J.: 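I'd like to ask some things about the structure below.
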Amino acid sequence: MTGAQIKRETSEMNAPVSSNAKAQLLQNVVEHVDITSFDARPIIDSMRKMSFSSRDTARAADIFSMAIEDKDCSPWLILAGSTSAGGCMHVYRDMVKFGMVDAVVATGASIVDMDFFEALGFKHYQAAGEVDDNVLRENYIDRIYDTYIDEEELQACDHTILEIANRLEPRGYSSREFIWEMGKWLSEGNAKKPGSLIQTAYEEGVPIFCPAFVDSSAGFGLVKHQKERAAAGQAYLMLDAIADFRELTDIKIAAGVTGLFMVGGGVPKNFAQDTVVCAEILGVEAEMHRYAVQITVADVRDGACSSSTLKEAASWGKVQTTHEQMVFAEATTVVPLIGSDAYHRGAWKARDKRRWNKLFEKA
């Protein structure tokens with residue numbers, strides 16, 4: 001191929017596409033799996049008799065069920081990565097709805113760019129095949145692996161965060177408190193898609209923490225809120241990361257026995273694990289997290305928190321090693337199985353919902 005041919009082919013590949021190209025790219029909607037619609041217990045039972053990741057997955061399911069069955073235990077859901085956009089959004093919502101978890105610690109993207117985004121009536125889309133990312137950019141389409149997001153809709157999400165911030169008293173808020181206000185706003189009739197994780201958590205009294213909240217669409221809306229207020233000489237809202245840590249530690253202290261169901265790792269993982277140490281710093285002898293499951297594809301050799309094993313966390317006094325399991329698998333392939341297994345075993349029916357947000361309600 002000559003240089004001219006290469007230049008022409010490259011030009012054609014990056015050329016603006018037709019006006020209906022965006023609609024064509026955004027036509028296959030991601031459908032979220034429903035753990036109540038199928039019974040994964042026979043699959044988990046079979047996997048328990050296998051080896052490799054199958055047996056790890058079955059043991060993880062067993063440990064999660066043990067945490068739910070333990071009437072003294074308060075299980076927490078820890079989320080990092082993009083599995084919500086990839087089809088697991090309703091799994092996490094249902095864990096909250098049916099009382100399998102009492103608190104959520106997540107990345108801002110999981111809560112805002114994915115869950116709140118869909119609560120506003122927007123969708124995530126499947127990529128039909130490989131497309132030049134420059135073409136996606138020309139059409140204002142953002143890509144997460146093989147999932148598409150309409151950038152214009154994401155900007156509408158940013159603006160909604162701005163509107164919520166503008167209606168609140170200008171002071172410091174923990175991420176839990178601000179997300180609580182988002183859930184309240186949705187519950188006031190503003191949700192285009194009822195039953196989001198945020199709205200369900202609000203209605204069930206389940207706190208959601210995002211220790212790196214502004215690393216998401218929320219950040220754009222909140223920056224604009226501060227810039228506009230400052231330009232007008234007005235006070236503005238701030239996020240208090242220290243309050244986040246203090247509040248989640250308060251939950252750990254109140255709960256006593258806790259379990260962690262972790263999808264991915266990163267900041268949410270370490271934030272949740274560190275509450276044991278923080279409680280001790282405050283003079284409270286807190287039990288290490290009794291149950292712990294982590295699903296990740298991170299390489300244990302990279303030295304990052306996402307890939308550090310739960311056994312390693314024991315050396316820091318964070319996680320007990322009696323009931324812990326690492327599952328090295330892509331989460332969308334195993335989370336629905338574990339969620340369905342727990343739902344159909346039904347231990348959640350016998351446990352009391354803790355509704356930890358009550359700890360922070362003003363008298």
Side-chain angles (χ1 to χ4, degrees), residues 67-68 70-79 92-93 95-108 110-111 115 164 168-169 171-188 196-213 218 237-262 267-292 318-319 348 350-363:
I68 296 172
D70 187 341
K71 295 188 182 301
D72 294 327
C73 179
S74 178
W76 300 353
L77 173 64
I78 316 300
L79 290 178
Y92 308 135
R93 183 271 314 275
M95 285 182 175
V96 169
K97 177 181 177 181
F98 296 117
M100 299 182 202
V101 297
D102 298 319
V104 179
V105 182
T107 58
S110 295
I111 299 303
D115 183 72
I164 293 173
L168 297 178
E169 176 188 352
R171 59 174 177 81
Y173 291 76
S174 66
S175 65
R176 175 207 58 83
E177 193 174 10
F178 188 83
I179 295 167
W180 189 254
E181 293 292 343
M182 293 168 64
K184 180 180 179 182
W185 182 86
L186 291 172
S187 296
E188 290 171 347
S196 63
L197 173 59
I198 292 178
Q199 184 174 347
T200 301
Y202 171 80
E203 293 168 352
E204 296 293 340
V206 173
I208 300 176
F209 294 86
C210 291
F213 191 48
L237 175 152
M238 297 169 288
L239 290 181
D240 186 345
I242 300 171
D244 272 349
F245 200 13
R246 171 175 50 80
E247 289 182 355
L248 189 61
T249 301
D250 286 343
I251 293 175
K252 170 59 185 171
I253 292 170
V257 179
T258 46
L260 304 178
F261 184 83
M262 296 182 281
V267 172
K269 172 187 176 182
N270 202 54
F271 187 72
Q273 290 182 338
D274 270 351
T275 55
V276 180
V277 179
C278 191
E280 292 176 354
I281 295 297
L282 296 176
V284 178
E285 189 66 31
E287 178 182 312
M288 290 190 288
H289 296 294
R290 184 178 296 181
Y291 308 95
K318 300 176 182 180
V319 174
W348 53 272
R351 72 178 303 269
D352 294 327
K353 296 180 179 181
R354 303 300 178 87
R355 306 187 190 278
W356 289 124
N357 204 71
K358 65 189 177 184
L359 293 177
F360 313 108
E361 293 175 356
K362 296 178 181 179

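In what follows, residues are counted from 1 in the order of the sequence shown. The structure displayed is predicted, hence computed values, not measured ones.
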J.: Between F209 and F271, what is the ring plane arrangement, given parallel below 30°, perpendicular above 60°, and tilted in between?
T.: tilted
J.: Does the plane of the ring in F98 sit parallel, tilted or perpendicular to the ring in W348? Use 30° and 60° as the thresholds.
T.: tilted
J.: Determine the interplanar angle of the Y173 and F178 rings, folded into 0 to 90°, and report it as parallel if under 30°, tilted if 30 to 60°, perpendicular if over 60°.
T.: perpendicular
J.: Test side-chain contact (heavy atoms from CB on, under 4.5 Å) on F360 and D250; report intermediate values, then the result.
T.: CA-CA 10 Å; F360 313 108; D250 286 343; 4.3 Å; yes
J.: Which atom names give the shortest non-hydrogen contact between N357 and P207, and what distance separates them?
T.: N-CD, 3.9 Å
J.: Please walk me through it: do W356 and S74 pass side-chain contact (heavy atoms from CB on, under 4.5 Å)?
T.: CA-CA 10 Å; W356 289 124; S74 178; 2.9 Å; yes
J.: Would you indicate whether the side-chain heavy atoms of P268 and L79 approach each other to under 4.5 Å?
T.: no
J.: Between V267 and P211, what is the shortest heavy-atom contact and its length?
T.: CG1-CG, 3.5 Å
J.: Between atom CD1 of I208 and atom CD1 of I111, what is the distance when rounded to the nearest 0.5 Å?
T.: 4.5 Å
J.: Can you give me the closest heavy-atom contact between S196 and L186, atom names plus distance?
T.: OG-CD1, 3.7 Å
J.: Between atom CD of E247 and atom OG of S174, what is the distance when rounded to the nearest 0.5 Å?
T.: 3.5 Å
J.: List for me each residue that meets side-chain contact (heavy atoms from CB on, under 4.5 Å) alongside D70, sequence neighbours excluded, and say none if there are none.
T.: D72, C73, V257, R290, Y291
J.: Could you pull out the closest heavy-atom pair between V105 and A272, with the gap in Å?
T.: CG2-CB, 4.5 Å
J.: Given D102, which of K358, K252, R351, K353 fulfils the salt bridge (charged side-chain N to carboxylate O under 4.0 Å, His left out) condition?
T.: R351
J.: If you measure from CG on L77 to CE on M262, what distance do you get to the nearest 0.5 Å?
T.: 11.0 Å
J.: Hey, does M100 have a side-chain heavy atom less than 4.5 Å from the side chain of F261?
T.: no
J.: For E204, is there any backbone N or O sitting under 3.5 Å from a side-chain donor or acceptor partner on R355?
T.: yes
J.: Can a salt bridge be assigned to the pair D274 and K318 using a cut-off of 4.0 Å between side-chain N and carboxylate O?
T.: yes
J.: At what distance, to the nearest 0.5 angstrom, does CZ of R354 lie from CH2 of W76?
T.: 11.5 Å
J.: Roughly how far, to the nearest 0.5 Å, is the CG atom of L237 from the CZ atom of R171?
T.: 8.0 Å
J.: OG1/T275 to CG/N270 distance, rounded to the nearest 0.5 angstrom?
T.: 10.0 Å
J.: Give me the atom names and distance for the closest heavy-atom approach of D244 to C210.
T.: OD2-O, 3.8 Å
J.: Which atom names give the shortest non-hydrogen contact between S187 and E203, and what distance separates them?
T.: OG-OE2, 3.5 Å
